[in-house]
Amino acid sequence: MVRPFSEIPGLWKNGAANLYNFWKLDGFKNLHRIMLQNFNTFGPIYREKVGYYESVNIINPEDAAILFKAEGNYPKRLKVEAWTSYRDYRNRKYGVLLKNGEDWRSNRVILNKEVICPKVLGNFVPLLEEVGQDFVARVHKKIMRTGQNKWTTDLSQELFKYALESVSSVLYGERLGLMLDYIDPEAQHFINCITVMFKTTTPMLYIPPALLRKVGAKVWRDHVEAWDGIFNQADRCIHNIYRQLRLEAGTPKKYPGVLASLLMLDKLSIEDIKASITELMAGGVDTTSITLLWTLYELARHPNLQEELRAEVAAARAESQGDMLEMLKRIPLVKGALKETLRLHPVAVSLQRYITEDIIIQNYHIPAGTLVQLGLYAMGRDPKVFPRPEQYQPSRWLRTETHYFRSLGFGFGPRQCLGRRIAETEMQIFLIHMLENFRVEKERHVEVQSTFDLILLPGKPIILTLKPL
Ligand code: HEM
Ligand code: 2DC
C-alpha cells in the first residue's frame with residue numbers, strides 16, 4: 001500500500017515555528033549539517049517547511065533517479081526569490097539561471113553550443129592554459145619574495161582571481177590582468193560583491209525578499225548593492241567587447257570568446273546575451289576557486305596521494321608531448337580527485353526540482369508540483385552510498401563499482417550546470433600546473449568544516465604551504 005503525502009515524516013506544519021528553531025540552531029550557517037541530522041532522525045525521506053521554504057528531501061541515488069525522471073521537458077529548480085526580486089526591482093532581464101519554460105530552453109540550447117559542447121573545448125584550453133601558467137609564475141614570484149623557499153598563506157583571494165581571470169578569458173577572449181601585482185580595483189570589487197551576494201541570499205531563502213524590502217531590511221539593501229556591483233562590472237566588460245566588435249570588420253582570426261561568438265551568431269537578443277553572460281561571469285568565481293582550495297587542502301592532508309597524482313600528470317605530459325588537450329584525456333586520477341572533492345565538499349548542498357508528474361518514493365506518494373530536494377552533501381557522506389565516506393579516495397571513481405546517480409556535483413540533465421565544462425577544464429589545468437611545480441603542505445591537526453553561505457565554504461581560513469619541487 002502506497003502511503004499518502006501527508007504521512008511523510010518531518011516538520012512541515014508550522015513554517016514560522018520551524019524557522020524560529022532553525023534560527024536558534026544557527027541554521028543559516030549549518031543547513032548542510034541540519035539536513036544530515038534530519039535524515040538521521042526521519043530516515044531517507046522527510047518533508048519540511050522552514051519559513052516559506054517547503055520541500056520533500058531525499059538522499060538515495062535510486063530515489064534521485066526517480067526524481068530526475070519526473071523533471072519534465074523544462075526542468076525547474078528552487079526559485080531563488082532574492083535573485084529574481086533584484087532583477088524585477090532593477091528591471092533587468094533574467095538569464096538562463098533564472099528563466100523557465102520555453103524561454104529557458106530556447107536560450108539554453110543556443111548557449112550550450114557555445115559553452116558546454118565538446119567542440120568548443122579546444123577553443124577554451126589554450127586560453128585557460130595561459131592563465132594556469134601565469135598563476136604558477138605568480139606563485140614562484142611570491143615564494144621568491146619570502147626568501148624562505150616556501151610560501152605559507154590563505155590562497156582563497158588568489159584563487160578568486162585565478163577563477164575570474166579564467167572565466168573572463170573564455171567569455172571575452174581577452175585577459176583582465178588579474179595575475180599581475182596591481183589589479184583593477186573594479187575587478188576586486190566585483191569579487192567582493194559576489195561573496196556578499198551569496199551571503200545575503202541565505203536569509204531570503206526563508207523570509208520573502210518582498211517583505212524584507214518593505215521593512216527596509218539591511219540584508220535586502222546589501223543584496224541590491226552587491227548585484228549592482230556585479231552588473232556594473234559585467235556591463236563594462238560586455239560593452240568593451242561590443243565596441244571592439246563594431247570597430248573590427250570581418251571575422252577574427254583567433255577564437256574571440258563566448259560573448260563575441262554569441263553576438264556574431266545573432267540568435268539571441270542583446271539583452272538576453274548580456275543577462276546570461278553576467279550570470280556566467282558571476283557564477284564562475286567562488287564555485288571553482290573554493291573547489292580548488294578544498295582539493296589542495298585534501299592533497300596536503302594526503303602526501304602519498306599527492307605524489308601519485310604528480311606521477312600521473314608527469315606520465316600524461318610525456319605521452320602527449322605537452323599537448324594540453326591530449327593531456328586532459330590521460331589524467332583519470334586528477335579527475336577522480338575533483339569528483340571526490342565535490343562529494344565531500346559540494347558547492348551546492350542540494351539539487352532540487354519541481355516535479356511535473358506524481359511519483360512514488362520510499363513508498364510515499366508525492367504529487368506533481370512538489371519541490372523535491374536531493375541532499376547532495378548528506379548523500380556524499382552516507383556510508384550506504386559511499387563505503388568509508390570519511391576517506392578522501394579519488395581512486396573510488398576509477399573502480400568499476402556503480403556510479404549510478406552518485407556523481408552529481410554539477411547537477412543533472414538538461415538543467416545541469418552550464419559552466420560545467422569551463423569549470424572542469426579550468427580546474428584540471430590548474431591542478432596539472434600546480435602538481436608539476438609545487439608540493440602542497442599544511443599544518444597538522446587542523447580540521448576545517450564547511451559553512452553554508454548559499455554555497456558551501458570553508459568555515460575558517462585554510463592555510464597551506466607551497467614549496468617548489
Ligand atoms: C547551475 C554546480 C561552476 C554557471 C549549477 C547547478 C549546480 C552547479 C549544482 C545546478 C544544476 C542543477 O540544478 O541540476 C557548480 C559547481 C561548479 C560550478 C560544483 C564548480 C566547481 C560554474 C561556473 C559557471 C557556472 C564556472 C560559469 C562559468 C552556472 C549556471 C547555472 C549553474 C549559469 C544555471 C544553469 C541553468 O539553470 O540552466 N551549477 N557550478 N557554474 N551553474 Fe554551476
Ligand atoms: C542553495 O536550499 C541551497 O551554481 C538552497 O553558479 C537551494 C539552492 C538552490 C539553487 C542553487 C543553490 C542552492 C546553491 C548555488 C547554486 C544554485 C543554483 C546555481 C548556483 C548551485 C543549492 C551556482 C553557484 C551558480 C550561481 C550563479 C549566479 C551567482 C549568477
Side-chain angles (χ1 to χ4, degrees), residues 27-28 31-32 34-35 48 50 53-55 57 64 67-68 71 74-83 86-87 94-100 104-105 107-109 111-112 115-116 124 128 163-164 166-168 170-171 193-195 197-198 201-202 204-206 226-227 230-231 234 258 275-295 338-339 341-343 345-354 371 373-377 407-428 430 452-457:
F28 289 166
L31 176 66
H32 50 305
I34 292 179
M35 284 180 83
E48 181 180 53
V50 179
Y53 192 150
E54 259 191 283
S55 62
N57 292 265
L67 161 62
F68 287 115
E71 70 174 5
Y74 306 110
K76 200 172 153 213
R77 72 174 80 83
L78 171 78
K79 180 175 174 198
V80 181
E81 279 196 34
W83 299 351
Y86 169 80
R87 283 154 181 80
Y94 294 3
V96 76
L97 172 76
L98 301 175
K99 284 179 187 289
N100 280 312
W104 167 77
R105 207 198 58 87
N107 275 252
R108 174 85 197 210
V109 166
L111 289 166
N112 280 346
V115 180
I116 205 172
F124 297 168
L128 294 172
L164 179 55
S166 294
V167 74
S168 303
V170 165
L171 293 178
C193 283
I194 295 173
T195 309
M197 180 278 291
F198 278 131
T201 303
T202 307
M204 292 190 262
L205 290 174
Y206 309 100
W227 273 122
I230 293 168
F231 273 93
V258 173
S276 284
I277 290 287
T278 304
E279 289 170 356
L280 284 167
M281 191 178 169
V285 179
D286 297 33
T287 47
T288 48
S289 52
I290 295 299
T291 307
L292 287 172
L293 186 58
W294 281 121
T295 306
L338 287 166
K339 284 189 185 168
T341 301
L342 288 174
R343 175 179 71 80
H345 314 284
V347 170
V349 262
S350 74
L351 302 176
Q352 340 71 44
R353 293 291 184 267
Y354 296 94
L371 180 71
Q373 295 201 118
L374 171 70
L376 208 55
Y377 177 88
S407 174
L408 293 172
F410 289 97
F412 174 83
R415 188 114 215 194
Q416 69 179 277
C417 178
L418 177 60
R420 179 173 189 162
R421 294 287 168 250
I422 297 177
E424 287 174 340
T425 313
E426 169 193 326
M427 295 193 296
Q428 290 158 11
F430 177 91
F452 175 76
D453 264 336
L454 198 80
I455 58 172
L456 288 177
L457 301 174

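These numbers come from the heavy atoms of this one structure, side chains and all, not from hydrogens, waters or symmetry mates. Every number for a ligand or one of its atoms is a count from 1 in the order of the listing.
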My question is simple, although I want it checked carefully: is atom 16 (C) of ligand 2 less than 4.0 angstrom from any protein heavy atom?
no
Closest non-hydrogen protein atom to atom 26 (C) of ligand 1, residue and atom name please, with distance?
G284 CA, 3.5 Å
If I apply the N/O under 3.5 Å rule, does T291 come out as touching ligand 1?
no
Can you tell me how the ring of H345 sits relative to the ring of W294, calling it parallel under 30°, perpendicular over 60° and tilted otherwise?
parallel
Quick test: of every protein heavy atom, which one is nearest to atom 30 (C) of ligand 2, and how far off is it to 0.1 Å?
E279 O, 3.5 Å
Can you tell me the protein heavy atom closest to atom 21 (C) of ligand 2 and the distance?
A348 CB, 3.8 Å
For atom 18 (C) of ligand 2, which protein heavy atom lies nearest, and how many Å away is it?
R77 CD, 4.0 Å
Using a strict cut-off of 4.0 Å, indicate which atoms of ligand 1 neighbour a heavy atom of V96.
36 (C), 37 (O), 38 (O)
Can you tell me which portion of I194 lies within the under-4.0 Å heavy-atom range of ligand 2? Options are side chain, backbone, both, or neither.
neither
Rounded at 0.5 Å granularity, tell me how far CG in L408 sits from NZ in K339.
10.5 Å
Near I455, which atoms of ligand 2 are under 4.0 Å from a heavy atom of that residue?
15 (C), 24 (C)
I'd like to know if the side chain of T295 pairs up with that of T341 as donor and acceptor (distance under 3.5 Å, no hydrogens or angles considered).
yes
Ligand-residue contact atoms, ligand 1 with V167, heavy atoms, under 4.0 Å
28 (C)
Ligand 2-proximal atoms of F452, by part, heavy-atom distance under 4.0 Å
side chain
For atom 20 (C) of ligand 2, what is the closest protein heavy atom, and at what distance to 0.1 Å?
W83 CH2, 4.2 Å
Hey, does L351 have a side-chain heavy atom less than 4.5 Å from the side chain of F68?
yes
Under 4.0 Å, heavy atoms only, figure out whether ligand 1 is touched by the backbone of F412, its side chain, both or neither.
backbone
Using heavy atoms and a threshold below 4.0 Å, how should the contact between T287 and ligand 2 be classified: side chain, backbone, both, or neither?
side chain
Looking at CG of L164 and CE of M281, how far apart are the two atoms once the value is rounded to the nearest 0.5 Å?
5.0 Å
Could you tell me whether the side chain of M35 reaches within less than 4.5 Å of the side chain of S350, counting heavy atoms only?
yes
Show the numbers, then the answer: is there a side chain to side chain contact (heavy atoms under 4.5 Å, CB included) between D286 and M197?
CA-CA 11 Å; D286 297 33; M197 180 278 291; over 6 Å; no
Please identify which atoms of ligand 1 are closer than 4.0 Å to at least one heavy atom of L351.
9 (C)
So, do W104 and K76 sit near enough that their side-chain heavy atoms are less than 4.5 Å apart?
no
I need the atoms of ligand 2 closer than 4.0 Å to a non-hydrogen atom of M197, numbered in the order shown.
29 (C)
Side-chain touch R105/P414, heavy atoms, less than 4.5 angstrom:
no
Just to be sure I read this right, does ligand 1 sit under 4.0 Å from the backbone of L342, its side chain, both, or neither, counting only heavy atoms?
side chain
Evaluate the criterion side chain to side chain contact (heavy atoms under 4.5 Å, CB included) for residue pair L31 and Y377; output intermediate values, then yes/no.
CA-CA 10 Å; L31 176 66; Y377 177 88; over 6 Å; no
So, R77 side chain and R415 main chain: donor-acceptor pair closer than 3.5 Å or not?
yes
Closest to atom 25 (C) of ligand 2 among protein heavy atoms sits G283 CA, 4.4 Å
Below 4.0 Å, non-hydrogen atoms only: which portion of R353 touches ligand 1? Side chain, backbone, both or neither.
side chain
Close-contact set for ligand 2 against L454 heavy atoms, below 4.0 Å:
1 (C), 14 (C)
Should you measure from each heavy atom of Q352, which atoms of ligand 2 turn up under 4.0 Å away?
7 (C), 8 (C), 9 (C), 22 (C)
Straight-line distance of W83 CH2 to Y94 OH, nearest 0.5 Å:
13.0 Å
If you look at every heavy atom in L418 and V115, which pair is closest and at what distance?
O-CG1, 3.4 Å
Has the side chain of S276 got a donor or acceptor atom that lies under 3.5 Å from a matching backbone atom of G95?
no
Test salt bridge (charged side-chain N to carboxylate O under 4.0 Å, His left out) on E279 and K99 and set out the steps.
CA-CA 12 Å; E279 289 170 356; K99 284 179 187 289; over 6 Å; no
What protein heavy atom sits nearest atom 9 (C) of ligand 1, and how far off is it?
G409 O, 3.5 Å
With heavy atoms under 4.0 Å as the rule, classify the contact between R108 and ligand 1 as side chain, backbone, both or neither.
side chain
Within a distance under 2.8 Å of atom 43 (Fe) of ligand 1, the protein atoms of type N, O or S are C417 SG
For L205 and L454, run side chain to side chain contact (heavy atoms under 4.5 Å, CB included): C-alpha distance rounded to whole Å, both residues' side-chain angles, the deciding distance at 0.1 Å, then the answer.
CA-CA 9 Å; L205 290 174; L454 198 80; 3.8 Å; yes
If you measure from each heavy atom of S350 to ligand 2, is any distance below 4.0 Å?
yes
Between ligand 1 and L280, is the shortest N or O to N or O distance under 3.5 Å?
no
T287 OG1 to L456 CG distance, which is reported to the nearest 0.5 Å:
13.0 Å
Number the atoms of ligand 2 from 1 as they appear, then name those within less than 4.0 Å of a heavy atom of L78, with their elements.
7 (C)
Ligand 1 contacted by M427 (non-hydrogen, < 4.0 Å):
yes
Measure the spacing between CD of E54 and CG of L78 and express it to the nearest 0.5 Å.
12.0 Å
Kindly compute the distance separating CZ (F124) from CD (E424), expressed to the nearest 0.5 Å.
12.5 Å
Verdict with reasoning, F452 to L457, per side chain to side chain contact (heavy atoms under 4.5 Å, CB included):
CA-CA 6 Å; F452 175 76; L457 301 174; over 6 Å; no
heavy-atom search around atom 28 (C) of ligand 2 in the protein gives L97 CD2, 3.7 Å
Examine the proximity of ligand 1 to E279 and report which part, side chain or backbone, both or neither, has a heavy atom under 4.0 Å away.
neither
Going by the order shown, which atoms of ligand 2 are within less than 4.0 Å of some heavy atom of Y53?
2 (O), 5 (C), 7 (C)
Checking contacts here: is it the side chain or the backbone of T278 that comes within 4.0 Å of ligand 2, counting heavy atoms only? Could be both or neither.
neither
Atom 23 (C) of ligand 2 protein-contacted (non-hydrogen atom, under 4.0 angstrom):
no
Between F231 and Y86, is the gap from one ring center to the other below 6.0 Å?
yes
Please indicate whether any nitrogen or oxygen in T288 is less than 3.5 Å from any nitrogen or oxygen in ligand 1.
no
Quick one: does any side-chain atom of E426 pair with a main-chain N or O of S166 as donor and acceptor, under 3.5 Å?
no
